[in-house]
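In this chain, numbering begins with 1 at the start of the sequence shown. This is a predicted model, so every value here is computed, not measured.
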Amino acid sequence: MAHLALLQFKINNDFDEWEKTFYAAQNPARKHGINSISHGHEADDPKSLFVLMMLDEKDTWSQFYESSKDMVESSGHILDSTKVTYYEN
């Protein structure tokens, strides 16, 4: 069974700045069992973002997030705006 997480959140900077940190976090995320499938922003609101990830286990994202909050926040990600929805297939 595959585990997926859809993150939806706001940023306090621009998408290009956020994306630099996102790409820099790819190797540490992979080491935690997280593989990004897609990311982007709303067509009419470039500060409203999404990230779709495949996870080794359902709780993989929360473990990575707890150990990487400073990096996530430094990207411009507004932490308290985050909505996470989990899916399985």
Kindly indicate whether the side chain of [X], heavy atoms from C-beta on, has any atom under 4.5 Å from the side chain of [Y].
{"X": "Val84", "Y": "Leu6", "result": "no"}
{"X": "Arg30", "Y": "Asn35", "result": "yes"}
{"X": "Ile78", "Y": "Phe9", "result": "no"}
{"X": "Ser67", "Y": "His32", "result": "yes"}
{"X": "Thr85", "Y": "Leu4", "result": "no"}

Going from [atom1] on [X] to [atom2] on [Y], what distance comes out if it is rounded to the nearest 0.5 angstrom?
{"X": "Met54", "Y": "Ser36", "atom1": "CE", "atom2": "OG", "result": "11.0 Å"}
{"X": "Lys83", "Y": "Gln8", "atom1": "NZ", "atom2": "CD", "result": "5.5 Å"}
{"X": "Asn12", "Y": "Glu73", "atom1": "CG", "atom2": "CD", "result": "8.5 Å"}
{"X": "Lys20", "Y": "Asn13", "atom1": "NZ", "atom2": "CG", "result": "10.0 Å"}

Please find the pair of heavy atoms, one from [X] and one from [Y], that lie closest to each other, and give the distance.
{"X": "His77", "Y": "Val72", "answer": "CB-O, 3.2 Å"}
{"X": "Leu55", "Y": "Ala5", "answer": "CD1-CB, 3.8 Å"}
{"X": "Phe15", "Y": "Pro46", "answer": "CB-O, 4.2 Å"}
{"X": "Ala25", "Y": "Phe64", "answer": "O-CZ, 4.5 Å"}

Do His41 and Ser48 pass the side-chain hydrogen bond (donor to acceptor under 3.5 Å, both in side chains) test, and can you show the C-alpha distance, the side-chain angles, and the key distance before you say yes or no?
CA-CA 5 Å; His41 59 78; Ser48 292; over 6 Å; no

Between Thr60 (side chain only) and Glu57 (backbone N and O only), is there a donor and an acceptor less than 3.5 Å apart?
yes

Donor-acceptor check, side chain of Asn89 to backbone of Met1, threshold 3.5 angstrom: yes or no?
no

Can you tell whether the side chains of Lys47 and Asp14 come within less than 4.0 Å, N to carboxylate O?
no

Does CE belonging to Met71 count more than 12 external heavy atoms closer than 6.0 Å?
yes

Transitive ILVMFWY side-chain link Leu7 to Leu79, under 4.5 Å
yes

Treat each ILVMFWY residue as a node, draw an edge where side-chain heavy atoms are under 4.5 Å apart, and state whether Leu49 and Ile37 are in one component.
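Unlinked, Leu49 and Ile37 end up in two clusters.
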
Taking the six-membered ring for Trp, are His39 and Tyr23 closer than 6.0 Å centroid to centroid?
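Ring centroids of His39 and Tyr23 are less than 6.0 Å from each other.
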
Kindly assign one of parallel, tilted or perpendicular to the pair Trp61 and Tyr65, based on the angle between their ring planes and the thresholds 30° and 60°.
tilted

